[in-house]
Novice: 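One structure, as structure tokens, below. Some questions next.
Only this structure's heavy atoms are used, side chains among them; waters, hydrogens and symmetry mates stay out.
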Amino acid sequence: MKPGSTNANILLVACVGCLVLLNVLGLRAFARFDATRDQVYTLSQASRDTLEKLEDPVTVTAYFTDELPAPYSSNARYVRDLLEEFRAASKGRLAFEFLDPMTQETAEDQETKRETKRDIFGRVFREPTSVERELAEVGIQPVEIRVIEDDQMQTKRAYMGIVIKHQEKREVIPVVQDTQSLEYDLTTLVRKLTRPKTPVLGVVQGHGEPALHEKLTRLQALLGQMYEVRPVNLAGTERVDADVDALLVIGPKTALPEAEVKAIDQFLMSGKSAAFFLDAVHVDLKTFEPSEASHGLGPLLATYGIQVGDRLVADVDSAQLNVQERRGFMLVSMPVPYPFIPLLERLEGDSPVSQGLVEVSLPFSTTVTATAPEGAQATVLARSSRKSWLEARPYNIDPRRDWRSETVTPDGPHPLMVQVSGKLKSHFAAEAQSSTASGTPLLAESQGESRIIVAGGSSALWDDFLSRPNQALLLNVADWLLLDPALLAMRTRGMAEAPLEQELSASTRNVVKFGNAFGIPAALALFGLVRWRRREASRATVTV
């Protein structure tokens, strides 16, 4: 063998050995290069801040079955890498371990798994093992997944859950199926476990608003996972309770007295937050009979630069209702478009409240506009489509309304929800400056940054309309009122769409269509022809 070839073989073996060594080391270490537009695979600033401020140890236990099939195997790898970053950012205060529950089973558990029984219907079952009972007690349940073993499709029980512990408290993610929001979920749960006090979200009552145990049961259950949701009655009080951190005013039917308006104003002037979901009309969903609603909050909101209209927004882009029609001796349920439930393709702006949300419905809404006062910022969160228009009193909201006999002129879009934040002037500033009465003095301006959200309707939060997009909107509103905006921004990171231009000319559409159909194959064929000609020319030169 020639010396040159020997050196080349040695070099080849050395390169292969280095690659093998790098792969072995890569199994125990991780590194990421995040090339995504929104840096969705980079630990957010909110997560780093949360972890850096940990004072007591936090323990995370990930229960994942070994050798999971795709795509669950990639989820397990992602969870491990994310927890590695959490541990590094916490400077060791957050510790984690990965456990396969199957490896914790005893000989008695193995015997239990082999013993099967039948119920009265002949179905086969077995008693749970001690490991399964222990995990069930903490909220981790197995899931059924399909795997291919011995060239056959089989069903296998697997674990993919996470338990987070801090002192005597514990939070659980029962199943990790989608990793898109996992960083937000983990960071939120770590904050929830380590915070000294659970934030209190007060829901104003006493003016004909829907009660929490009536039309807002799903709202209470959803927000109750992170916050204490408490009914607040302002009658006979001058101040909102000091331990309330944010207020929700949802659909009052009668005007709030001046003393209660003053209590809300001073609550905002103390640097706290409130969201107002206000109706111009109350609708009975059984009969669709409208009744007037008067909240009396218009002058207060006008001080903050917010104007709530009194005309209903109707939109061609809307939800459908099932309306029963008599056909002979039969009642037939027919889906009909209902323009008074606008269905928004996507919400507006880059606010963390609206970013990434699509298909939100805002029933029976009026317009809401905002002009930011000096020292504050105003943002429109939701608008109707360009095919929307306004309906004045008296409102005709009958689902059987015959639109074929009417002529409407769309003049949208119209703003339906706004947010205002910053330094605000009190609605009672003049009284505060001239007041010499004893007791708690009135605040003439906000002490810190106040946050306000106003929507032109409350039905979107009722149990009847609280769809998954509306649930996401509700959670975003509550989080924006109570949490760090950086944490809320993390929730919708990576959800922003990058749509193509919607309206293209006919010539542009034809170019794109035929270019995709014939242009790429033609380009590849031309490239191959050029290479073939070059190769033939090279052969001819060698022959000569």
Novice: If every non-hydrogen atom of G139 is compared with every non-hydrogen atom of P174, which pair is closest and at what distance?
Specialist: O-CB, 3.6 Å
Novice: Can we say E359 and R468 salt-bridge, meaning some charged N sits less than 4.0 Å from an Asp/Glu carboxylate O?
Specialist: no
Novice: Step by step, work out the side chain to side chain contact (heavy atoms under 4.5 Å, CB included) result for I173 and L186.
Specialist: CA-CA 9 Å; I173 301 177; L186 286 173; 3.9 Å; yes
Novice: Using only atom types and a distance under 3.5 Å, with no angle test, would you say the side chain of T179 pairs donor to acceptor with the backbone of L182?
Specialist: no
Novice: Do the side chains of K169 and E171 get close enough for a salt bridge, i.e. N-O under 4.0 angstrom?
Specialist: no
Novice: Determine yes or no for a side-chain-to-main-chain donor-acceptor pair under 3.5 angstrom, with R93 supplying the side chain and L54 the backbone.
Specialist: yes
Novice: Counting distance only, does the side-chain N/O of K387 pair as donor-acceptor with the main-chain N or O of D315 below 3.5 Å?
Specialist: no
Novice: Strictly distance-based, threshold 3.5 Å: is any side-chain N or O of T188 a donor or acceptor partner for the main-chain N or O of D185?
Specialist: no
Novice: For residues R401 and E406, determine if any side-chain heavy atom of one lies less than 4.5 Å from a side-chain heavy atom of the other.
Specialist: yes
Novice: Donor-acceptor pair, S458 side chain versus I250 backbone, under 3.5 Å?
Specialist: no
Novice: Any side-chain to backbone donor/acceptor pair from T59 onto K165? Under 3.5 Å, distance only.
Specialist: no
Novice: Looking at P231 and L212, what are the two nearest heavy atoms and their distance?
Specialist: CD-CD1, 3.8 Å
Novice: So, Q447 side chain and E445 main chain: donor-acceptor pair closer than 3.5 Å or not?
Specialist: yes
Novice: Fit a plane to each ring of F340 and Y338, take the angle between them on a 0 to 90° scale, and name the class: parallel (under 30°), tilted (30 to 60°) or perpendicular (over 60°).
Specialist: perpendicular
Novice: What's the verdict on side chain to side chain contact (heavy atoms under 4.5 Å, CB included) for Y227 and L481, showing C-alpha distance, side-chain angles and the deciding distance?
Specialist: CA-CA 12 Å; Y227 311 111; L481 296 177; over 6 Å; no
Novice: Quick one: are F86 and V60 in side-chain contact, heavy atoms under 4.5 Å?
Specialist: no
Novice: If you measure from the Lys or Arg side-chain nitrogens to the Asp or Glu carboxylate oxygens, is any gap between D284 and K286 under 4.0 Å?
Specialist: no
Novice: Relative to each other, are the rings of H282 and W462 parallel, tilted or perpendicular (30° and 60° limits)?
Specialist: tilted
Novice: Side chains of N75 and M160: does their closest heavy-atom pair fall under 4.5 Å?
Specialist: no
Novice: Are the side chains of V79 and I162 in contact, using a 4.5 Å heavy-atom criterion?
Specialist: yes
Novice: Is there a donor in the side chain of R48 and an acceptor in the side chain of Q45, or the other way round, less than 3.5 Å apart?
Specialist: yes
Novice: Contact between K262 and L442 at the side-chain level, heavy atoms closer than 4.5 Å - yes or no?
Specialist: yes
Novice: Looking only at the side chains, is there a donor atom on one of S44 and S47 sitting less than 3.5 Å from an acceptor on the other?
Specialist: yes
Novice: What closest approach, in Å, do V232 and G202 show between heavy atoms, and which atom pair accounts for it?
Specialist: CG2-CA, 3.6 Å
